[in-house]
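This report refers to the structure that appears directly beneath it.
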Amino acid sequence: MPQASTPHRVLYYTLDGDTSRANEILAQLGCAEAIELLDAAHEPFKTPTPEQLNGCEAVVGEFMPVIKDTVDSFANAGVKLVASMSIGLNHMDVAGLAQRGVLVSNCPGYCAKEVAAHTIALMLDLMRKVTLSNRDVLAGGWDPKAGYPVHRPCGQTLGLVFFGRIAREVAPVAQALGMRVLVWAPTKSAEELAAAGCEKAETLEDLLRASDVVSLHCPLIDETRGLIGARELALMKPGAVLVNTARGEVVDEKALVAALNEGITSGGKTGICAAGLDTLAHEASGRNEKLIRHPRCIVTPHSAYDSIEAADALRQMSLEAVCELLVEGRRPTNCVSPE
């Protein structure tokens, strides 16, 4: 009988290191015998050691940065693929890895419904002052009008910055609430947006001036880093709220603190009303405590992506990329590396 080939070793580098569901998915994909998963639990934002990478042809990584000197350790170990359990890749040196012959894949759209729901939750929380009123009650108050005046969502304008998968999920929910949806997305035509029941803003400035809620859905690229700064916040309505479920670096946090403070000290005549943030510029360490503790700000711990269903989709997409490369011998469907 022919000798069975040695299975491909894959480092399964996740927060809990549990491979039970991953092995079930490999079996469903018909790759259980061809792939051996090596479990390795780790703290967020930690990179595997050279010893952990040794002998592995691929790495499935959760909250795993691969930048600077760590690129060499992956390449030197013979890793062919880094399957990042994420959509964004700001933590990944895709170009540097490609130069060393290492491909990178991601998981586009795996949590679009979750992030859209979180966006709506933050928006309604701010519009109805749910968390802010609860803080007042916990502090001993019982004032239904504490804080800023509120308006019903119906008739308000939601401004979406960019119009990818998540924003497309947000729009119909806001429309069901009776909100007008305005979109600034330079690559989308007025006709395409109209087909989704949305209106096109020709400039970001137009969107900021017109919106009661501004919700950010842009990727972090050079053009969007610091996109919302002091100038942009000053263009927003004094009664408007800002929601960010994109990337923390899209917002100038110092300017946001100043705009929130101005909204309080001016009695709502200038500045902005409130903010709901699921992301901060520095999440691993050095988080902006002024925003976290601000009386007009709600911060959640980059949890918008989370659900049982999204986690399963994340595993599925990452392992599919591994099987496509190592078992089928082809470029993964969701490979982001330059060809």
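Each residue takes its place number in the sequence, starting with 1. Remember, it's a predicted structure, so these values are computed and weren't measured experimentally.
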Is it the case that over 12 heavy atoms from other parts of the model lie below 6.0 angstrom from the [atom1] atom of [X]?
X	atom1	answer
Leu138	CG	yes
Arg100	CZ	yes
Glu289	CD	yes
Lys237	NZ	yes
Asp143	CG	yes

Taking [Y] as the starting point, is it possible to reach [X] by hopping between hydrophobic residues whose side chains are less than 4.5 Å apart?
X	Y	value
Leu122	Met236	no
Val130	Leu158	no
Leu314	Met64	no
Leu160	Leu208	no
Tyr12	Val104	no

[X] side, atom [atom1]; [Y] side, atom [atom2] - distance, nearest 0.5 Å:
X	Y	atom1	atom2	value
Leu207	Glu199	CG	CD	11.0 Å
Leu235	Ile272	CG	CD1	12.0 Å
Ile228	Leu233	CD1	CG	6.5 Å
Asn106	Met317	CG	CE	7.0 Å
Phe63	Thr14	CZ	OG1	11.5 Å
Leu242	Leu256	CG	CG	6.0 Å

Are side-chain N/O atoms of [X] and [Y] paired as donor and acceptor at under 3.5 Å?
X	Y	value
Asp39	Thr19	no
Glu320	Gln316	yes
Asp306	Ser303	no

What are the two closest non-hydrogen atoms of [X] and [Y], and how far apart are they?
X	Y	value
Met179	Thr157	CE-C, 4.2 Å
Cys56	Val10	SG-C, 4.4 Å
Arg247	Gly88	NH2-CA, 3.4 Å
Arg21	Gln28	NH1-NE2, 3.5 Å
Val327	Ala34	CG2-CB, 3.8 Å
Leu124	Pro153	CD2-CG, 4.1 Å

Is there side-chain contact between [X] and [Y], with at least one heavy-atom pair below 4.5 Å?
X	Y	result
Thr119	His217	yes
Leu227	Leu204	yes
Leu177	Met127	no
Ser318	Cys107	yes

Using only atom types and a distance under 3.5 Å, with no angle test, would you say the side chain of [X] pairs donor to acceptor with the backbone of [Y]?
X	Y	result
Asp278	His302	yes
Gln52	Leu38	no
Thr224	Pro219	yes
Arg225	Glu249	no
Lys200	Ala185	yes
Thr70	Ile67	yes
Gln99	Gly96	no
Arg331	Ser337	yes
Glu324	Thr333	yes
Asn90	Leu220	yes

Under 4.0 Å between a side-chain nitrogen and a carboxylate oxygen: does that hold for [X] and [Y]?
X	Y	result
Asp93	Lys68	no
Arg330	Glu328	yes
Arg287	Glu253	no

Show every donor-acceptor pair shorter than 3.5 Å between a side-chain atom in residues 164-173 and any protein atom, with sequence neighbours excluded, or say none if there are none.
unit_1, atom_1, unit_2, atom_2, d
Arg168, NH2, Glu192, OE2, 2.7
Glu169, OE1, Lys113, NZ, 3.4
Glu169, OE2, Lys113, NZ, 3.2

Parallel, tilted or perpendicular, judged at 30° and 60°: which one describes the rings of Tyr13 and His42? parallel
Steps toward salt bridge (Lys or Arg N to Asp or Glu O under 4.0 Å) verdict (Arg315, Glu62): CA-CA 10 Å; Arg315 297 186 194 96; Glu62 180 183 25; over 6 Å; no
Worked check of side chain to side chain contact (heavy atoms under 4.5 Å, CB included) between Met92 and Val336: CA-CA 11 Å; Met92 197 74 53; Val336 298; over 6 Å; no
Residues at least two apart in sequence or cross-chain that pass ring pair (Phe, Tyr, Trp, His ring centres under 6.0 Å) with Phe74, listed by chain then number, are none
Between Val60 and Leu37, does the side chain to side chain contact (heavy atoms under 4.5 Å, CB included) criterion hold? Intermediate values first, please. CA-CA 9 Å; Val60 174; Leu37 294 179; 5.5 Å; no
Please list, chain by chain and in numerical order, all residues satisfying side-chain contact (heavy atoms from CB on, under 4.5 Å) with [X], sequence neighbours excluded.
X	result
Glu57	His8, Lys80, Leu326
His91	Pro65, Ser84, Ser86, Leu89
Ala32	Ala27

Residue pair Leu193, Trp184: steps toward the side chain to side chain contact (heavy atoms under 4.5 Å, CB included) verdict: CA-CA 10 Å; Leu193 295 173; Trp184 177 65; over 6 Å; no
Start with the C-alpha distance between Asp312 and Ile25, add both sets of side-chain angles, then the distance that settles side chain to side chain contact (heavy atoms under 4.5 Å, CB included), and finish with yes or no. CA-CA 9 Å; Asp312 213 45; Ile25 292 172; 4.2 Å; yes
Using links of under 4.5 Å between side-chain heavy atoms of ILVMFWY residues, direct or through other members, which residues join Ile264 in one cluster? none
